[in-house]
Amino acid sequence: NLTNTELELVNVTASWDEGIGELFEKIKQENKADDPPNGDTGLFFTNLYVTPVLKNIGLYLEKGKMLAVAGSTGSGKSSLLMMILGELVPSEGKIRHSGRISFSPQTSWIMPGTIRDNILFGLAYDEYRYTSVIRACQLEEDLALLPEKDKAPLKEGGVTLSGGQRARIGLARAVYKDADLYLLDSPFTHLDIVTEKEIFERCLCKLMSSKTRVVVTSKLDHLKRADKVLLLHNGMCYFYGSFSDLQAQRPDFSSLLLG
Ligand code: DUT
């Protein structure tokens, strides 16, 4: 029942090279039929079995709540978002969500056009919505410094932008879009601590307060404010629950966030 739940994952396991794994499995089965029973071919293919990038992950997120996904580098945080998006198909388990997703990738893609074009990304301009997003993403000052303001042209790849400007444009684009579920992959990369704090408060907590949000972040302050925390370690769920339960059940958890 998804009436109050926006996102649900039930015992989900996935591998990036699942396709290759299945192919090898098929070849192995075919070879077994023809080969002498000494099993050399079978062993060879067995060694190529892939390890899952996400193992047995379960979670649910109610409408309007924020889930923080934390874990060291390579623990599977981006892969989890890709899986919710449907880019990574689980080999086991179930994923349910009610539809419209807005996704901001770890590195946002800049298309040739103005800054405004890059935020609207094909959607209609709504002045109130646009201005709120620009403010919440701390882009107002950056735009004020440009003679052409948000009509400043950008080249493909965003070479004229700083890493932090690019990250904030990517976030603004994802937030401007109306969706049921927002997936934000490390939206604070390249931002200084003060800007990060401001954007977390103004955008993720205030402007998006009624939105269902999955945010990849390992910052302690963010985990504290999130409704739910998922801490991944080597693709496995090290912890899932509230921040206070995290402190109680996994007092050593911060060692996992340093990587
Ligand atoms: N991986 C792939 N293909 C992809 C993405 C990831 O094979 O398209 C692998 C690389 C890594 C594992 O999945 O071994 C987990 O990577 P992911 O990017 O999901 O980890 P992360 O927790 O998001 O790492 P980081 O914090 O460095 O972004």
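Just the heavy atoms: all of them, side chains too, but no hydrogens, waters or symmetry mates, feed the values below. As the structure lists them, so they are numbered: ligands from 1, and atoms in each ligand from 1.
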task = Carefully, step by step, assess Val214 and Leu81 under the rule side chain to side chain contact (heavy atoms under 4.5 Å, CB included).
result = CA-CA 8 Å; Val214 178; Leu81 297 199; 3.6 Å; yes
request  = Using the test side chain to side chain donor-acceptor pair (under 3.5 Å), find all partners of Tyr240 that sit at least two apart in sequence or belong to another chain.
outcome  = Lys228
task = Return the set of residues passing side chain to side chain donor-acceptor pair (under 3.5 Å) with Tyr125 (not counting sequence neighbours), or none when no residue passes.
result = none
request  = Using the side chain to side chain donor-acceptor pair (under 3.5 Å) rule, take Asn56 and Thr13 through it: C-alpha gap first, then chi angles, then the decisive distance, then the call.
outcome  = CA-CA 5 Å; Asn56 203 25; Thr13 294; 5.1 Å; no
query = About how many Å separate CG of Leu257 and OH of Tyr238, when rounded to the nearest 0.5 Å?
reply = 9.5 Å
key: Contact residues of ligand 1, where a non-hydrogen atom lies under 4.0 Å away   = Trp16, Val53, Ser72, Thr73, Gly74, Ser75, Gly76, Lys77, Ser78, Ser79, Gln106
ask   = How would you list, by chain and number, every residue that makes a salt bridge (charged side-chain N to carboxylate O under 4.0 Å, His left out) with Glu201, sequence neighbours excluded?
value = Arg225
